[in-house]
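Only one structure is covered here, and it is reproduced in the block below.
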Number of protein chains: 2
Amino acid sequence: MQNPLRQIPEAFADIISLQTYRKGQLLHRAGQRCHTLFLVKTGALRSFYLVEERDVTAHFALEYGLVGAVDSIMKGTSSRYSIEALEDSTVYELNYAELEGHLNRHPGQERLARQVTQLLYLDLVERLEGMTFLSARARYEHLLERYPGITQRVSLGHIASYLGITQETLSRVRRQG
Amino acid sequence: MQNPLRQIPEAFADIISLQTYRKGQLLHRAGQRCHTLFLVKTGALRSFYLVEERDVTAHFALEYGLVGAVDSIMKGTSSRYSIEALEDSTVYELNYAELEGHLNRHPGQERLARQVTQLLYLDLVERLEGMTFLSARARYEHLLERYPGITQRVSLGHIASYLGITQETLSRVRRQG
DNA sequence: CAAAGCTTTTGACCTGCGTCAAAAAAGTCA
DNA sequence: TGACTTTTTTGACGCAGGTCAAAAGCTTTG
C-alpha cells in the first residue's frame, strides 16, 4: 500500500476510536492542551489560528489527511490552534501518549510512525518553498494540484488565508484562471 | 540537557564520523543521492537549490544545526539540494541507513530520534507562518532572533533568498533597522 | 599593491497585491 | 418564500517590494 496514512487505522486499531462531527463543530479549541491526532475518514477538517483578529488556516485535512494541535502535542503546552469540521465528518482519533505506549509494545511499527512523520515534513517543505517565491496565482494552482476539488468543499476565505493572500485577490485570480 | 541535537554526537558515537571542510566547499551536489545527515560542530553550512537560475537558500545550520538533503533521504531519489560550507567547518556525519540499523539495535534511542524530528518539524511550521503574513522587515527581525549574529557570518544575498525577498530590499531594510 | 572578483548599497521606476467599501450572489431557516 | 446571514465579486486606490542598472565597498590573489 502506497500511502502510509491509509495504514494507520488498521495498524493502530486497538488504540484508535472513530468519532463523528457536524459541520462547524470544533474538535479542539485554542488555548487548551490537545494530545489527540485526527485522521479524516470522511469529510474535511482544518486547523486555524488567529493573527490580529484574523482567522488563518494552518492546515486542511480531507479524506485520509491528518491534523493535530502539533504545538501542544510536541511541546506539551496549550495550543494556538483550533480544529474545526468543515463538513459533517467521521474521524479516527488517536491519543499521542497511547501511541507512544503502543509503539513501545510494537516496535515493528516505529517504521510506519517515522514514515508518516516524514510525509508531513516533506509536505511542509514543499509548502514553505511555495510561499517563498510563488505568486498568488501560482500558489493557487499548486493547491489545486495537491487538493483537487477543494474549491467545491472549502470557502474562498479559508483557502486564501491558507495561501497567505486576501480573499479579494484569490477571487480575482480565480475569475480569469 | 535541553537541546536534543547536542545529544546526537554521544548517543550515536559509534556510527558518527567527524569531517572538516573549507569555506566554499560542497558537501553534496544537487542531482545526486545523499543519505548523510550533517551536524555542524563548528562553522556554518547551508543547503540551497535553483529556481530559474536563481540560487535559493533552503536552510542554514550553524553550531549544532542539522542539514541534509531531506528529499533524497526521505524519498530515496536524487536531491534537488546542494549543501555548501559557508565557513571552514567541522561536521559530524551520520548515514541514514546506519542510523536506522542503530535504532533497531538501540530502541531506547528512538525517543531521541523522534525528538529531533519534531524539533525540525516545529521549526518549519514557524518559518512557514512567518512566510505567510510577515513583511520583509518582520521576517528579517525574526531571523535575527532565531540566529543571532548570523549577519556577521552569512552574506546578505543568501539571507535574502532564505527570507524570500531580494537583496536590494534586505539591504534597505537593514539600513534603517 | 594593483587588478579582478565579489558583495552591498543606492536610485528610478513599475506592478502585484493589500485595503476599504459596497454590491451581488448564495445559503439558511422560520 | 421572504428575511437574514454569510460568502464572493467588483471597483478605486495606495504602497511594499520587485526589477534593472550602476556605483561604491570589500576580498582575494598574483
Side-chain angles (χ1 to χ4, degrees), chain A residues 21-26 43-44 46 48 50-57 60 82 84-88 129-144 149-177, chain B residues 21-26 43-44 46 48 50-57 60 82 84-88 129-144 149-177:
Chain A
Y21 296 94
R22 316 233 64 199
K23 176 173 181 169
Q25 219 180 326
L26 287 183
R46 72 172 184 128
F48 64 98
L50 296 180
V51 187
E52 299 154 13
E53 319 277 276
R54 230 176 190 66
D55 163 334
V56 178
T57 296
F60 291 118
S82 295
E84 175 192 40
L86 295 170
E87 303 172 350
D88 292 353
E129 284 186 20
M131 298 299 289
T132 307
F133 54 76
L134 293 185
S135 67
R137 144 154 288 119
R139 287 183 201 177
Y140 180 61
E141 285 163 358
H142 254 223
L143 180 74
L144 291 186
I150 194 172
T151 8
Q152 279 69 256
R153 304 176 63 182
V154 178
S155 87
L156 184 122
H158 292 339
I159 293 178
S161 74
Y162 178 83
L163 295 176
I165 63 184
T166 60
Q167 28 178 359
E168 292 93 330
T169 295
L170 181 53
S171 172
R172 287 184 246 260
V173 161
R174 202 188 256 180
R175 174 117 318 257
Q176 20 229 88
Chain B
Y21 296 94
R22 316 233 62 201
K23 177 174 179 165
Q25 219 179 324
L26 286 184
R46 72 171 184 127
F48 64 99
L50 297 180
V51 188
E52 299 154 14
E53 319 276 275
R54 232 178 189 66
D55 163 334
V56 179
T57 296
F60 291 116
S82 296
E84 174 191 42
L86 295 169
E87 305 173 351
D88 294 352
E129 285 185 18
M131 298 299 288
T132 306
F133 55 76
L134 293 184
S135 68
R137 143 155 289 120
R139 288 183 200 178
Y140 180 62
E141 285 164 359
H142 254 223
L143 180 74
L144 292 185
I150 195 174
T151 6
Q152 280 69 255
R153 304 175 64 182
V154 177
S155 87
L156 183 122
H158 292 339
I159 292 177
S161 73
Y162 177 83
L163 296 177
I165 62 185
T166 61
Q167 27 179 359
E168 292 93 329
T169 294
L170 181 53
S171 172
R172 287 185 247 259
V173 162
R174 201 188 257 180
R175 176 117 313 262
Q176 18 231 88

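Not measured: the values here are computed from a predicted model. Every chain is numbered from 1 and lettered A, B, ... according to where its sequence line falls, protein lines coming before strand lines.
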Provide, to the nearest angstrom, the distance between the CZ atom belonging to Phe133(B) and the P atom belonging to dC17(C). 18 Å
Any residue meeting side chain to side chain contact (heavy atoms under 4.5 Å, CB included) with Leu143(A), in chain and number order, not counting sequence neighbours: Tyr147(A), Ile150(A), Ile159(A), Tyr162(A), Leu163(A)
Heavy atoms under 4.0 Å, any strand shown: does Ser171(A) hit a base, just sugar-phosphate, or nothing? base
Five pairs per end, C1' atoms only: what is the angle between the end axes of the helix from dC1(C)-dG30(D) to dA30(C)-dT1(D), to 10 degrees? 50°
Of the residues in residues 160-170 of chain B, which ones touch DNA chain D at a heavy-atom distance under 4.0 Å? Gly164(B), Ile165(B), Thr166(B), Glu168(B), Thr169(B)
Taking only residues two or more places apart in sequence or in another chain, which ones pass side chain to side chain contact (heavy atoms under 4.5 Å, CB included) with Ala44(B)? Leu62(B), Leu86(B), Glu87(B), Arg153(B)
All side-chain hydrogen bond (donor to acceptor under 3.5 Å, both in side chains) counterparts of Thr169(A), not counting sequence neighbours: Thr166(A)
For Thr151(B), enumerate each residue passing the side-chain hydrogen bond (donor to acceptor under 3.5 Å, both in side chains) test, keeping only those at least two apart in sequence or located in another chain. none
By side-chain hydrogen bond (donor to acceptor under 3.5 Å, both in side chains), Arg54(B) pairs with (sequence neighbours left out) none
My understanding is that only residues two or more places apart in sequence, or in another chain, count here; which of them pass side-chain hydrogen bond (donor to acceptor under 3.5 Å, both in side chains) with Gln25(B)? none
Where chain A begins and ends its contact with DNA chain D, read 5' to 3' at 4.0 Å from heavy atoms: dT8(D) to dA12(D)
Can you sort out the partners of Ala85(B) under side chain to side chain contact (heavy atoms under 4.5 Å, CB included), two or more places apart, ordered by chain and number? Tyr21(B), Leu27(B), Leu45(B), Ser89(B)
Any N or O donor-acceptor pair linking the side chain of Arg172(B) to the base of dG11(C) at under 3.5 Å? yes
Would you say Phe60(A) and His158(A) make side-chain contact, with heavy atoms under 4.5 Å? yes
Length of the line joining Ile159(B):CD1 and dT7(C):P, which is rounded to integer Å: 13 Å
Using atom names, set out every protein N or O paired with an N or O of nucleotides 26-30 of chain C below 3.5 Å, distance rounded to 0.1 Å.
none

Between dT8(C) (P) and Tyr140(B) (OH): distance, integer Å: 11 Å
NZ/NE/NH1/NH2 to OD/OE distance under 4.0 Å, Lys23(B) and Asp88(B): no
Between C1' on dT7(C) and CG on Asp55(B), what's the gap in Å once rounded to a whole number? 14 Å
Show the nearest heavy-atom pair for residues Ser161(A) and Thr57(A), with the distance to one decimal. OG-N, 2.9 Å
Could you tell me which residues satisfy side chain to side chain contact (heavy atoms under 4.5 Å, CB included) with Ser135(A), sequence neighbours excluded, listed by chain and number? Arg137(A), Ala138(A)
Whole-Å distance, Arg153(B) CZ to dT7(C) P, equals 17 Å
Nearest heavy atoms of Asp55(B) and Arg46(B), plus distance in Å: OD2-NH2, 2.8 Å
How many angstroms lie between atom CG of Leu26(A) and atom CZ of Phe48(A), to the nearest 0.5 angstrom? 5.5 Å
